[in-house]
Amino acid sequence: MIQALNSAMDIKLGQDPSVVILGEDIGYFGGVFRVTDGLQRKYGESRVLDTPIAEGGILAAAIGMAVNGLRPVAEIQFADYIYPAYDQIVSELARIRYRSAGEFYAPVTVRTPCGGGIRGGQTHSQSPEALFAHVAGLKVVMPSNPYDAKGLLISAIEDDDPVIYFEPKRIYNGPFDGDPHKPAVPWSTHPKSEVPDGHYTVPLGKAEIVRAGDDLTIVTYGTMVHVSEAAARGLGLDAEIIDVRTMVPLDSDTICNSVARTGRCVVVHEATRFAGLGAELSATIQERCFWNLQAPILRVAGWDTPYPHAFEWEYFPGQARVAKALKAVMEAS
Amino acid sequence: MIQALNSAMDIKLGQDPSVVILGEDIGYFGGVFRVTDGLQRKYGESRVLDTPIAEGGILAAAIGMAVNGLRPVAEIQFADYIYPAYDQIVSELARIRYRSAGEFYAPVTVRTPCGGGIRGGQTHSQSPEALFAHVAGLKVVMPSNPYDAKGLLISAIEDDDPVIYFEPKRIYNGPFDGDPHKPAVPWSTHPKSEVPDGHYTVPLGKAEIVRAGDDLTIVTYGTMVHVSEAAARGLGLDAEIIDVRTMVPLDSDTICNSVARTGRCVVVHEATRFAGLGAELSATIQERCFWNLQAPILRVAGWDTPYPHAFEWEYFPGQARVAKALKAVMEAS
Amino acid sequence: MVAQSRLHVPKTPARPGEAPDFSYLKLLPAGKIARPEPGAPALEIRHLSEGLVRVLDEEHRAVGPWNPQLDAETLQAALRHMLLTRVFDDRMQRIQRSGKISFYMRSFGEEAVSVAMAMALRPSDMLFPSYRNQGLYVVRGRPILDLMCQLLSNTRDMCKGRQLPVMYHWRDGHIFSISGNLATQFPQAVGWAMAAAIKGQDAIAVSWLGEGSSAEADFHHALLFASVYKAPVILCVVNNQWAISTFQGHAGGERQTFAARGPGYGIAGVRVDGNDFLAVHAVTQWAAERARAGCGPTLIEHVTYRAAAHSTSDDPARYRPKEDYQRFPLGDPVDRLKNHLITVGKWSEERHKALTAELEDHIAASWKEAVRYGTLTDPPRLDPGLMFEDVFKEMPEHLRRQEAELREEMGGK
Amino acid sequence: MVAQSRLHVPKTPARPGEAPDFSYLKLLPAGKIARPEPGAPALEIRHLSEGLVRVLDEEHRAVGPWNPQLDAETLQAALRHMLLTRVFDDRMQRIQRSGKISFYMRSFGEEAVSVAMAMALRPSDMLFPSYRNQGLYVVRGRPILDLMCQLLSNTRDMCKGRQLPVMYHWRDGHIFSISGNLATQFPQAVGWAMAAAIKGQDAIAVSWLGEGSSAEADFHHALLFASVYKAPVILCVVNNQWAISTFQGHAGGERQTFAARGPGYGIAGVRVDGNDFLAVHAVTQWAAERARAGCGPTLIEHVTYRAAAHSTSDDPARYRPKEDYQRFPLGDPVDRLKNHLITVGKWSEERHKALTAELEDHIAASWKEAVRYGTLTDPPRLDPGLMFEDVFKEMPEHLRRQEAELREEMGGK
Ligand SMILES: Cc1ncc(C[n+]2csc(CCOP(=O)(O)OP(=O)(O)O)c2C)c(N)n1
Ligand SMILES: Cc1ncc(C[n+]2csc(CCOP(=O)(O)OP(=O)(O)O)c2C)c(N)n1
Ligand SMILES: [Mg+2]
Ligand SMILES: [Mg+2]
């Protein structure tokens with residue numbers, strides 16, 4: 001996935017002179033997760049900028065650059081550190097087109113690694129997507145595999161609206177089924193690791209049915225796509241698994257059509273449960289599929305606590321937690 | 001309501017030498033909404049502090065003061081301006097007790113006026129409660145009348161956990177049924193405007209059934225309590241109306257017991273709909289009351305746009321929008 | 001507890017009932033401060049950040065090394081711009097009370113800041129204003145009619161009804177959209193200037209905020225990024241002494257000038273008499289030349305006074321003395337330029353009266369036309385469906401659904 | 001586009017493959033800088049913010065007006081504290097590779113900053129550290145065993161398993177909880193100090209952050225609030241030249257010292273040789289006396305070097321030259337104090353060897369005991385139910401439900 005993301009930026013930097021990249025340690029060093037490795041050497045210090053450690057300043061500068069015709073891709077080193085930039089994102093980035101009636105707009109892409117599973121503790125593990133999905137004017141994206149990662153990032157950079165692009169860091173180097181005791185598997189073992197070298201896009205606003213099935217619908221995204229697949233497999237369920245991919249704008253038709261058909265649904269994400277994106281997914285599905293539902297829609301999520309260092313795997317919604325919900329939804333009647 | 005809030009702070013400043021109040025224009029001037037009027041004259045410049053215009057600095061200072069044994073009440077002049085303080089609230093205030101295993105904690109109350117209906121446009125009208133409700137470690141409160149306002153604010157100040165206290169500014173001076181063309185009514189016309197002079201509390205974490213009824217349950221808070229009552233009355237419905245009052249921790253038992261009984265539910269708030277608190281309420285109720293539901297739970301909320309100056313009343317979820325949902329839920333079968 | 005308190009609280013020199021007191025203001029006579037080369041190293045010209053650049057002296061003459069030597073036509077044009085701004089402000093203030101517009105903010109007493117700077121800059125320079133820079137639109141020639149339509153949120157509103165009055169924008173005039181959130185534009189201007197440097201443009205960026213707003217984090221981000229990347233930008237703190245009810249001491253002005261923050265970050269700082277058109281013009285030229293030459297950013301502090309209420313929602317009688325503006329040591333920017341022109345024989349009371357009358361007529365006529373396009377209370381009215389546009393470039397499904405719901409709610413309108 | 005770019009990008013003096021280059025460092029010989037009264041007005045002592053306070057000269061003698069005149073016992077205790085800190089760091093660094101702890105950060109090369117300051121302050125002064133201030137706990141006497149148990153997230157972990165290694169806290173030792181979010185502690189320390197002033201306490205607050213972190217908004221909030229309310233606080237920028245891979249020029253160090261930000265806000269700034277125990281001790285005493293006397297805050301810039309990797313997740317060979325620390329002009333803080341003591345006849349290589357061996361044994365013994373309380377990989381283990389405590393003072397219903405769910409998930413454990 002790291003190479004796929006790097007390739008997306010490499011291609012856009014090469015194709016479009018207005019694309020610039022900025023962030024902490026992203027230039028000479030290539031980023032703490034190496035996602036921007038080699039780009040400064042290739043495109044120079046004026047297009048791949050190391051910045052001061054000021055997330056608020058990074059976003060403000062990116063907005064100003066965008067207003068002057070550039071297409072900045074800003075990296076926030078960890079999603080847990082995006083809050084100092086929250087005002088510039090919520091009060092400015094999200095609303096410049098609106099308040100200027102379209103005269104000004106800021107096509108900024110904000111890339112940031114999210115999620116746990118790397119022993120990062122409470123400040124290197126957060127999944128704050130809901131805090132952006134609630135804000136009108138932002139597109140919110142999270143890929144679950146290398147192919148989508150590259151295609152969605154290219155779409156995000158080419159999009160004229162601001163995009164908050166979350167990268168589940170636990171699956172940077174390979175898919176993860178939720179069992180930390182198994183040896184790590186590389187992406188090469190996964191079909192979606194086939195990434196074309198050149199330019200291609202995966203459209204924003206389209207969910208993907210990663211597995212068709214009839215028993216129930218699992219709506220999820222990011223790392224949890226893989227955990228959900230494993231959990232359903234483990235129970236021998238013929239689950240339809242939908243990777244949301246773009247949270248805003250949400251592809252509610254793909255989701256609701258599936259649930260209307262299966263009549264059963266579990267929503268899965270890693271973020272804390274209360275007022276998380278799962279609540280929106282559950283509420284929307286319930287409104288539109290109520291008469292088809294044969295069981296309550298259940299949510300599987302992280303607990304409503306900070307992400308604790310020593311209890312990472314008790315916090316993480318692993319296969320056991322997902323399986324319990326799947327069983328409950330299948331048995332309900 | 002303004003006098004009730006002022007009285008709550010006056011009483012706590014008088015009772016407890018550790019209580020201090022800080023914010024922009026709150027001291028000599030008494031606040032742009034006069035909520036802190038007279039307090040600096042009475043308690044001095046060291047306990048009622050005018051601050052620089054730096055919401056992030058205000059919160060950080062309040063946290064430091066709290067760690068040194070004070071009980072700061074910080075005012076953010078408008079909820080729309082709370083984002084510069086978001087990092088100190090989310091990354092610090094919410095987690096100091098947790099990360100220090102209880103050795104340190106910061107009993108800070110953050111007061112801030114929210115909501116529209118005063119022609120404030122996109123930056124004086126927001127209702128960002130969901131952005132705080134999703135964050136583990138924060139209590140989130142919004143009163144709908146003077147009696148609760150005083151009792152809840154005293155509880156918030158006395159609480160040893162951080163509380164984000166939202167004040168629906170449209171009902172500062174009187175209840176509002178959603179019709180801007182009617183002459184404004186003063187609080188004196190409302191039963192809940194009877195506010196005892198002395199110390200009393202309304203407990204955090206307890207919703208209130210403001211009207212008992214059998215037809216359906218309306219779950220709401222803040223200004224929308226009044227709009228919902230009027231809408232139900234207008235339709236001659238025997239609605240049970242629940243004022244959430246405390247969003248975190250949520251009194252889900254009171255809510256779910258009601259819906260389990262009525263079998264029908266509409267959730268109403270002014271904030272934008274997508275991933276708003278209404279989504280959490282709907283999802284929770286659906287999970288716990290699924291087998292009792294005779295109709296889908298519907299949400300009534302502000303649109304998923306910024307709050308537009310000229311279209312304030314088309315944005316605001318008034319009686320028409322609420323009534324439409326009530327009808328739909330009653331007719332569904 | 002208060003008894004034993006040792007907390008220092010900034011002093012406010014005078015409150016209602018007390019006599020205005022400006023003894024705290026560090027002043028210098030006109031012409032006293034040297035004018036270094038615009039390329040001078042920031043740390044060698046710190047005196048500029050703690051002194052006060054002034055050109056107009058007590059006898060209304062232009063004196064000293066900062067005298068921009070502008071011809072009479074230019075100064076007459078400047079006077080016209082400042083006067084138009086003021087007449088416009090006055091009229092809108094009065095009209096707001098009628099309820100036809102919901103809110104207004106005047107720049108009364110600060111007209112020289114915007115007018116002199118806009119005149120000293122190039123039309124292609126990008127401006128990131130606060131809500132108190134009306135003069136910029138006037139100088140750059142935006143028809144008053146357009147501004148009025150914005151104030152009215154009417155069918156010709158440039159903001160399509162979405163913004164509070166005064167929150168203008170003008171892409172073709174190179175003026176950015178005003179935010180209701182203080183200070184956010186400051187670091188954005190730096191980012192714009194960084195992009196200009198990256199693209200090799202000649203244009204520079206200029207931004208303004210109030211001294212109270214300089215407390216916000218964005219002020220720090222702006223100075224820091226401007227310093228690190230030597231961005232071609234001019235950053236202005238308009239120190240009008242008040243932030244609503246709060247005196248500038250609460251923003252740090254009690255200990256040090258605001259311009260002195262610049263040298264702290266290694267960038268040039270200049271403190272200027274903000275009510276002296278000639279001084280502001282000269283300092284702007286100097287800073288613009290510095291920025292364009294790649295010698296880096298400048299932080300300018302304009303010492304001026306908020307002569308009016310903060311906004312139509314504010315009543316200064318609650319927190320500051322009456323007659324304060326009349327006693328402000330730096331006088332009134334319009335009067336001072338007018339007196340200078342009269343002193344040099346290029347203006348007269350008669351011409352001034354005539355100009356004022358002409359401008360008042362212009363404003364009255366513009367208003368007459370503006371209200372024909374609707375007011376907040378009277379038709380014609382913008383289509384509320386506009387509320388759902390421009391949230392995104394293309395309207396997504398969920399907003400199309402919501403627009404349909406609204407139209408149904410409005411009875412299929 | 002790159003071709004025509006005029007954007008200034010701060011220079012990094014040397015990268016891998018190049019020879020270390022410290023020519024950018026503005027230095028001064030020891031003893032050369034005057035020591036004003038601690039009560040001196042901030043703007044009259046700016047030279048302190050752009051100079052460099054040093055006491056130990058090239059011959060390892062203590063010279064000049066800042067010499068704190070400490071007795072041999074104190075200096076020997078200091079050496080012991082610094083050495084213990086270093087030996088502890090080294091051992092934990094090696095152990096992290098074994099997987100028993102997940103992560104570690106050393107303060108190697110910066111020991112004098114924490115040790116000298118902690119020794120110059122009163123035990124009741126409240127400390128708001130960054131993650132590179134291990135010496136504070138050592139001086140204040142927190143048993144190494146307790147720190148190790150935190151690193152191990154074991155059954156004796158002061159953080160109950162919730163925090164990354166190194167994110168200590170110690171209420172009874174008056175040391176605040178460390179945040180993973182940079183700079184947030186800086187303005188909190190100012191708030192604590194404001195409360196101290198309000199309550200009339202004698203204690204002052206002290207906070208530290210790295211030069212890279214000084215770019216965050218919280219740095220500005222801290223200086224501004226400290227200036228406005230004259231808070232009794234000492235704010236320290238530990239300029240160890242690097243922020244992970246990023247050179248201090250990217251934080252503004254190319255244009256001006258970090259200490260000079262102080263005078264920009266009207267508060268005292270002092271730049272000190274951070275590897276000179278005596279200089280740091282003297283400057284701390286000066287600033288503490290100033291704060292306690294109500295003369296206001298001080299911003300101290302410690303010029304030092306991050307001798308080790310940023311953390312166990314980092315490899316500096318990727319971005320800076322090898323052997324750089326050996327060439328750092330300010331040397332090594334432990335060696336310098338040791339050589340000073342030897343020069344004045346109060347220490348010897350033998351005693352140093354013996355002390356080192358003693359401390360290594362102490363660390364080894366503490367580790368032996370610490371692992372008995374469990375490690376990240378081996379039992380005993382904390383009850384995961386602790387995850388749900390301290391989110392709030394009392395556990396609310398929804399967390400009780402979630403804890404029950406978890407216990408079921410864990411098979412009723
Ligand atoms: C982030 C933010 N905080 C608070 C406010 C409320 N507010 C609007 S104007 C103002 C005072 C600003 O004073 P100053 O910066 O000096 O500008 P002036 O009005 O004097 O021109 C305040 C506090 C706001 N608009 N945005
Ligand atoms: C708000 C925030 N942004 C980014 C990070 C990631 N990060 C951790 S340490 C570090 C470098 C800090 O450098 P400096 O402040 O100089 O301290 P040093 O490590 O040199 O002691 C960064 C960028 C963070 N922890 N918090
Ligand atoms: Mg002002
Ligand atoms: Mg550093």
Side-chain angles (χ1 to χ4, degrees), chain B residues 17-18 20 22 44 46-47 49-52 54-70 72 84-85 87-88 90-108 136-139 159-162 204-205 246 248-253 284, chain D residues 126 128 157-164 167-172 176-181 183-199 201 203 205 207 216-218 220-222 224-225 227-229 231 233 386-387 389-399 401:
Chain B
S18 68
V20 296
L22 69 165
S46 293
R47 294 192 60 203
L49 287 83
D50 282 310
T51 64
E55 293 74 16
I58 291 168
L59 255 293
I63 290 169
M65 290 174 168
V67 168
N68 196 0
L70 299 185
D87 186 48
Q88 282 285 342
V90 172
S91 304
E92 299 294 312
L93 186 59
R95 288 195 251 135
I96 285 169
R97 181 190 294 277
Y98 194 76
R99 73 184 202 220
S100 69
E103 281 192 29
F104 293 100
Y105 65 99
V108 174
L138 300 175
K139 292 180 177 174
D159 199 276
D160 283 340
D161 292 316
L204 304 185
T246 301
V248 182
L250 182 69
D251 182 0
S252 49
D253 290 346
T284 295
Chain D
M126 183 73 189
F128 291 79
D157 173 10
M158 64 176 79
C159 298
K160 296 191 184 161
R162 295 174 192 146
Q163 283 264 61
L164 265 188
M167 305 294 167
Y168 313 114
H169 63 265
W170 188 16
R171 181 184 49 206
D172 298 343
F176 188 62
S177 160
I178 298 171
S179 175
N181 302 65
T184 50
Q185 70 278 13
F186 229 46
Q188 291 166 0
V190 175
W192 194 97
M194 288 170 68
I198 289 170
K199 300 202 278 179
Q201 291 170 326
S207 189
E216 292 285 2
D218 286 319
H220 162 72
H221 293 144
L224 179 67
F225 278 64
S227 166
V228 167
Y229 301 103
V233 63
L386 285 168
M387 165 166 46
E389 291 178 14
D390 298 323
V391 177
F392 297 100
K393 188 179 186 186
E394 276 117 31
M395 199 187 297
E397 181 54 29
H398 69 286
L399 290 183
R401 281 216 195 88

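These values consider heavy atoms only, across backbone and side chains, with no hydrogens, waters or symmetry-generated copies. Numbers restart at 1 for each chain; the letters A, B, ... are given by sequence-line order, proteins then strands.
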Residue among V248(B), L22(B), D159(B), I58(B) with most heavy-atom pairs under 4.5 Å to chain D:
I58(B)
Of the backbone (N, CA, C, O) and the side chain (C-beta and beyond), which part of F392(D) lies under 4.5 Å from a heavy atom of chain B, both, or neither?
both
Highest number of heavy-atom pairs under 4.5 Å with chain D: which of E103(B), R99(B), M65(B)?
R99(B)
Working note: S179(D) + E92(B), criterion side-chain contact (heavy atoms from CB on, under 4.5 Å); need CA distance, chi angles, decisive distance, verdict.
CA-CA 8 Å; S179(D) 175; E92(B) 299 294 312; 2.6 Å; yes
To the nearest 0.5 Å, what is the distance between CD1 (I96(B)) and CG (D390(D))?
13.0 Å
Heavy-atom pair of closest approach, residues S91(B) and N181(D)
OG-ND2, 3.2 Å
So which residue, P249(B), A136(B), G56(B), ends up with the most heavy-atom pairs under 4.5 Å with chain D?
G56(B)
Exam field: side chain K199(D) to backbone N68(B), donor-acceptor pair closer than 3.5 Å:
yes
D251(B) versus chain D, heavy atoms under 4.5 Å apart: side chain, backbone, both or neither?
neither
In Å, rounded to the nearest 0.5 Å, how long is the span from CD1 of I198(D) to CG of L49(B)?
5.0 Å
Given heavy-atom pairs under 4.5 angstrom as the criterion, report whether the side chain, backbone, both or neither of Q201(D) touches chain B.
side chain
Do H169(D) and F104(B) touch side chain to side chain, with heavy atoms closer than 4.5 Å?
yes
Select, from T184(D), V228(D), L386(D), the one with the greatest count of heavy-atom pairs under 4.5 Å involving chain B.
T184(D)
Is D218(D) in contact with chain B via its backbone, its side chain, both, or neither, using a 4.5 Å heavy-atom distance?
side chain
How many angstroms lie between CZ in R162(D) and OG in S100(B), if you round to the nearest 0.5 Å?
8.5 Å
Heavy-atom cut-off 4.5 Å, strictly under: side chain, backbone, both or neither for M126(D) against chain B?
side chain
Side chain, backbone, both or neither: which part of A197(D) has an atom under 4.5 Å from a heavy atom of chain B?
neither
Among M387(D), H220(D), H398(D), the residue with the most heavy-atom pairs under 4.5 Å to chain B is M387(D)
In terms of heavy-atom pairs under 4.5 Å with chain B, which of K393(D), M167(D), E394(D) leads?
K393(D)
Which bit of V190(D) is near chain B, if near means a heavy-atom gap under 4.5 Å: side chain, backbone, both or neither?
neither
Compare every heavy atom of P52(B) with every heavy atom of L224(D), then report the nearest pair and how far apart it is.
CD2-CB, 3.8 Å
Hey, are the side chains of V67(B) and Q188(D) touching, using non-hydrogen atoms and a 4.5 Å cut-off?
no
In the structure I gave you, are the side-chain heavy atoms of Y98(B) and S177(D) within less than 4.5 Å of one another anywhere?
no
Are any non-hydrogen side-chain atoms of L70(B) and M194(D) less than 4.5 angstrom apart?
no
Side chain from CB out, backbone as N, CA, C, O: work out which of these in Q88(B) comes under 4.5 Å of a heavy atom of chain D, or both, or neither.
side chain
Rounded distance (nearest 0.5 Å) linking atom CZ of R97(B) with atom CD of E389(D)
11.5 Å
Name the option with the most non-hydrogen atom pairs under 4.5 Å to chain D; the candidates are A106(B), P84(B), G57(B).
G57(B)
Toward chain B, the part of L399(D) with a non-hydrogen atom under 4.5 Å
neither
Is it the backbone or the side chain of L59(B) that comes under 4.5 Å from a heavy atom of chain D, or both, or neither?
neither
Using non-hydrogen atoms and a 4.5 Å limit, figure out which bit of F176(D) sits close to chain B: side chain, backbone, both or neither.
both
Is it the side chain or the backbone of T51(B) that comes within 4.5 Å of chain D heavy atoms, both, or neither?
both
Distance in Å, S252(B) OG paired with E397(D) CD, rounded so as to fall on 0.5 Å steps
7.0 Å
